[in-house]
There are 2 protein chains.
Amino acid sequence: MTDIKTGINPLFLREEELRQGIELLFFAYRDFTSEPDAILADYGFGRAHHRVIYFVGRNPGMTVSELLDILRITKQSLSRVLGQLVDEGFVTQKPGIRDRRQRLLALTEKGIELERQLTERQRARIARAYREAGAEAVEGFRKVMLGLIDEADRPRFPLRQPPRR
Amino acid sequence: MTDIKTGINPLFLREEELRQGIELLFFAYRDFTSEPDAILADYGFGRAHHRVIYFVGRNPGMTVSELLDILRITKQSLSRVLGQLVDEGFVTQKPGIRDRRQRLLALTEKGIELERQLTERQRARIARAYREAGAEAVEGFRKVMLGLIDEADRPRFPLRQPPRR
DNA sequence: CATATATGTCAATATGACTGACATAAAGAC
DNA sequence: GTCTTTATGTCAGTCATATTGACATATATG
């Protein structure tokens, strides 16, 4: 049970290592969302609005179904949040061309501006962490994070192809 | 704007890299919490109960203030969740010896069992991701995650504190 | 034409968060 | 020994976000 050389129980180390992983996720996510949350409060919005704005901004022209699939909430839950964003002029809906039942979602100028403002803080936080940790650590971070995601969802990455020049 | 050799805009790459970081956090956290959430539903509990059970289990004898400081919620919010857990016999409270105003928190046997059941899934998920990514990647993951946490909170790691009182 | 799909909506409910005000017991300061 | 602060709890009201279930509408597809 106890390593003769180090006097340390290797199973305990492993347990401790895994619990640190759990805690890193909790604290990183807690702090990662706290800055945008404060900005959203000024607009009377919550985190759910941020998620919608983020993914619509990231994927202009996406359908409601695609958004539901990413967020993993019910359409009734999405409905109110999305409705507010449309009513207040942050998001537009237009019928699909191939399939006119679809409502293709996109950000308005106002929506783009809010998205920029919200994501800026998170981008800055990640940029700082990446810079301080170094390129090699970033590679490791990506590998582990990808491994934490359900296998079925992994092909989603990268979410978007860089435009060709 | 465009690199002559690669034909790729380096600013775009950086933007893309940062957005992937944002998304990795979102998806990893979403999937990381989904399994325990399903178990909690059987008990009529939510994610807030899990957080309390986790941190009390991790830090037996902790005070209510310490827990509030970790969770960053109001005492009124904690009150109901903690009260339920005490009422239903998952958590015990006993007065501090040095300071009898304190209610030192700990898990009962039943609480330990539920904590084990909940955390097991998350531990397994992390163990799998660590194993697949390799030791070096894990080091990088830890560095980046720590960098994402507010500087003031970082001394919290590693979390295990010397037993007080 | 019949069925399936994409989306929306109404209603009821639950969880978990908030602010603000007030209460109590105990500790610490003077 | 009083005075003040701290640790905790509680009451009351509110809000954001999620749920399930049922039903509606428009459009696509076989």
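Note that the coordinates shown come from a computational prediction; the quantities given were computed from them, not determined experimentally.
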In whole Å, I'd like the distance from the [atom1] atom of [X] to the [atom2] atom of [N].
{"X": "A:D69", "N": "C:dT7", "atom1": "CG", "atom2": "C1'", "result": "15 Å"}
{"X": "A:E66", "N": "C:dT5", "atom1": "CD", "atom2": "P", "result": "16 Å"}
{"X": "A:R98", "N": "C:dT5", "atom1": "CZ", "atom2": "C1'", "result": "14 Å"}
{"X": "B:L71", "N": "C:dC18", "atom1": "CG", "atom2": "P", "result": "10 Å"}
{"X": "A:K75", "N": "D:dT17", "atom1": "NZ", "atom2": "C1'", "result": "18 Å"}
{"X": "A:D37", "N": "D:dA16", "atom1": "CG", "atom2": "P", "result": "13 Å"}
{"X": "B:Q84", "N": "C:dT15", "atom1": "CD", "atom2": "P", "result": "7 Å"}
{"X": "A:L82", "N": "C:dG8", "atom1": "CG", "atom2": "C1'", "result": "11 Å"}

message: Between B:F32 and A:Y29 (judged by ring centroids, cut-off 6.0 Å), do the two rings come close enough to count as a pair?
response: no
query: Looking at B:F26 versus A:Y54, is the centre-to-centre ring distance below 6.0 Å?
result: no
- request: Decide, yes or no, whether a salt bridge links A:R123 with B:E16 under the criterion of side-chain N to carboxylate O below 4.0 Å.
  value: no
query: Should B:E139 and B:R142 count as an ion pair when the cut-off is N to O under 4.0 Å?
result: yes
Runs of at least three Watson-Crick or G-U pairs with DNA chain C, cut-off 3.5 Å: C:1-30 with D:1-30
message: Both A:D99 and A:R72 contact DNA chain D. Taking the nearest nucleotide for each, which residue is further toward the 5' end?
response: A:R72
State which of [options] makes the closest approach to the side chain of [X].
{"X": "B:V64", "options": "C:dC18, D:dT8, C:dA11", "result": "D:dT8"}
{"X": "B:R80", "options": "C:dC10, C:dG16, C:dA27", "result": "C:dG16"}
{"X": "B:S65", "options": "D:dA12, D:dT8, C:dT5", "result": "D:dT8"}
{"X": "A:R101", "options": "D:dT17, D:dA28, C:dC18", "result": "D:dA28"}

Between the side chain of [X] and the main-chain N/O of [Y], is any donor-acceptor distance below 3.5 Å?
{"X": "A:T63", "Y": "A:Q102", "result": "no"}
{"X": "A:E88", "Y": "A:L85", "result": "no"}
{"X": "A:T119", "Y": "A:R116", "result": "no"}

Think [X] has a side-chain N or O under 4.0 angstrom from the OP1 or OP2 of [N]?
{"X": "A:Q93", "N": "C:dG8", "result": "yes"}
{"X": "B:T74", "N": "C:dA17", "result": "no"}
{"X": "A:S79", "N": "C:dG8", "result": "no"}
{"X": "A:R100", "N": "C:dT5", "result": "no"}
{"X": "B:R103", "N": "C:dA25", "result": "no"}
{"X": "A:H49", "N": "D:dA16", "result": "no"}

- line: Sorted by number, residues from residues 38-45 of chain B placing a heavy atom under 4.0 Å from DNA chain C are B:G44
message: In this structure, would B:L18 and A:V144 fall into the same cluster of hydrophobic residues linked by side-chain contacts under 4.5 Å?
response: yes
Closest-nucleotide 5' rank along DNA chain C - winner of B:L78 and A:L104: A:L104
A:K110, NZ: over 12 other non-hydrogen atoms inside 6.0 angstrom: yes
message: Distance check, rounded to the nearest 0.5 Å: B:R125 atom CZ versus A:I22 atom CD1?
response: 11.5 Å
query: Got a donor-acceptor pair under 3.5 Å from the side chain of B:Q76 to the base of C:dG20?
result: yes
task: Go through the steps for A:R58 and A:I70 under the test side-chain contact (heavy atoms from CB on, under 4.5 Å), then give the verdict.
output: CA-CA 12 Å; A:R58 178 70 156 150; A:I70 285 177; over 6 Å; no
